[in-house]
Amino acid sequence: MSRTDKELYALIADGDKGTLEEIYDKYEKLLYSFAIKLSGDATLAEEVLQEVFIKIWTHKAVYQEKKGKFSSWIVTVTRYTCIDLIRKRKDENVSLEEETDIPEEQDPSTEDLAEWREQGQLIRQAIRNLAEEQTIMVDLFYFKGLTQREIAEECNLPLGTVKGRIRLALKHLNSELSNIQEKGGVHDV
Amino acid sequence: MYKECEKVIDYFNGHLTEQEAQAFEAHLETCEDCQEELRELRELTEHLPLASEPVEPPAEMKQNVLDAAFTAGETTDEEPEANEDKSSSSVDRYKEKQAEKRKLDKPAWLMPVLAAGLIFSLMGNMYAVFQTTQSDEDEAPPVESTDEVLQRVQLQGEGTNANATAAMINQGTEDMLVVQAGSLDPLQGDEVYQVWLINDDQPYRAGSFKSNQQGEGAVAYSMAQLQSEGDWDAIAISKEPNANSETPQGEVMMSSEL
Ligand SMILES: [Zn+2]
């Protein structure tokens, strides 16, 4: 097995540029694709990655083991950074409708990509299977990263009920996922 | 219920100011409800990044991003010269190791393998989520996930387009063998795809699955169910007439050494 992320991160903390590059190579595609999913904007996604790696290199974002897995952590930092940049753009009155061209998707050239795509299809299918208001809830909360108040306004809900609705939507999403997975042939005889 | 408990969502989405976040974190130390809710939010959303369609990054992005990071590093505080000296030996050793690895594998091969480890680390959580949602929807909080991919291989076969990956995942006290296959031929009747672990030419059943209409199938097999433990030489998948074969009756379609 290769070095764990934890070990790599320790080297980054020591200022090893090669290791930052290694982490970059490993996560580039996922983080870039994720930032595009969140923002719908390929140019912004590139800025997001720049911010994320500046934060990591300059220790503005510090990973600690108690925060969980490194992969989850770096994805979370990317999500925060992206939500933040989208908001800054809004404040600057740059219309989010003017999306830049999103690059063509590439055919899966490797098996891991095919796998990611498979899992992605499962998850997207599960999201589509939800009741419309739950689909919207997942989108506004997780992918758009709105505040509780904004979600309440967007959905015409009392502020106090938003948390419960989010939880319910996510729980349904996960049972939907296990349903699909079972139908899809997961089957231990 | 405290007023702070209403801040979980905004804390999770990073909308609290630094002071608000600190106040909430102080509250979090003593409020089990908030701890539980936060853990649940993390678990339920952990695999959602995989919902992103893979998009090929522009070729020049890597240089731009790394340049920006290193430049920012120079303008903020001191260059960690001393640290570099201190750790140089282990760093060098590590680099040598990496260089050796690159010599063994084609460099083009290395990146997909690394990326695959990443996907699996997110997918490992997905399996954990499946297991908890299946067994105890509303019960006690699921144990903090400690999945770790112990080993991962790609299975290959001749004369078939089918592909499969197998990963050994450690979930706390339990090892799980997770096999995912695609581009499988359709099955007929009772036929199943059977996974085998092989030790000294002796095959052991390690889970079976059926393919769906898209030719995909997967199985997660608890290693505790195996009669033998130890040094596995290889993993193989065969098509079997039914789910009862004690040894491979059908042709082995794909395999990999371990
Ligand atoms: Zn609380």
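Quick note on labels: first sequence line is chain A, next is B, and so on, each numbered from 1. We use all heavy atoms of the structure for the numbers below, so side chains are in, but hydrogens, waters and symmetry mates are not.
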Taking C-beta and beyond as the side chain, do [X] and [Y] meet within less than 4.5 Å on heavy atoms?
X	Y	result
A/L173	B/L44	no
B/L50	A/L30	yes
A/L177	B/H47	yes
A/S72	B/R42	no
B/P49	A/Y142	yes

[X], part contacting chain A, at a heavy-atom distance under 4.5 Å:
X	value
B/L48	both
B/N64	both
B/F12	both

Enter the distance from [X]:[atom1] to [Y]:[atom2] here, rounded to the nearest 0.5 Å.
X	Y	atom1	atom2	result
B/Q180	A/E118	CD	CD	5.5 Å
B/S52	A/W116	OG	CH2	6.5 Å
B/T45	A/F141	OG1	CZ	6.5 Å
B/I9	A/R165	CD1	CZ	13.0 Å
A/E21	B/K62	CD	NZ	4.0 Å
B/E43	A/N174	CD	CG	9.5 Å

Could you tell me which portion of [X] (side chain, backbone, both or neither) has an atom closer than 4.5 angstrom to a non-hydrogen atom of chain B?
X	value
A/F34	both
A/F53	both
A/L49	both

Between B/N13 (side chain only) and A/L146 (backbone N and O only), is there a donor and an acceptor less than 3.5 Å apart?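 Yes: the side chain of B/N13 pairs with the backbone of A/L146.
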Whether the side chain of B/D10 engages the backbone of A/T147 through a donor-acceptor N/O pair (distance < 3.5 Å, no angle test) should be reported.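 The answer is no, because no donor-acceptor pair under 3.5 Å joins these two groups.
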Could you tell me whether [X] and [Y] make a salt bridge, using a distance below 4.0 angstrom between a side-chain N and a carboxylate O?
X	Y	answer
A/K37	B/E53	no
A/R167	B/E40	yes
A/K69	B/E46	no

Step through the shown structure and confirm whether more than 12 heavy atoms of other residues, nucleotides or ligands are within 6.0 Å of [atom1] on [X].
X	atom1	result
A/R149	CZ	no
A/Q64	CD	yes
B/E18	CD	no

Work out which heavy atom in A/Y32 is nearest to a heavy atom in B/E56; give both atom names and the distance.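 What the structure gives for the nearest pair is CE2-O, 3.8 Å.
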Looking only at non-hydrogen atoms, find the nearest pair between A/G145 and B/H15 and report the distance.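 Of all heavy-atom pairs spanning A/G145 and B/H15, the closest is O-NE2, 2.6 Å.
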Which label fits B/F70 and A/W57: parallel for a plane angle under 30°, tilted from 30 to 60°, or perpendicular past 60°?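 If you compare the ring of B/F70 with that of A/W57, the planes turn out perpendicular.
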Please test B/V65 against A/V52 for side-chain contact (heavy atoms from CB on, under 4.5 Å), starting from the C-alpha separation and ending with a verdict. CA-CA 9 Å; B/V65 169; A/V52 168; over 6 Å; no
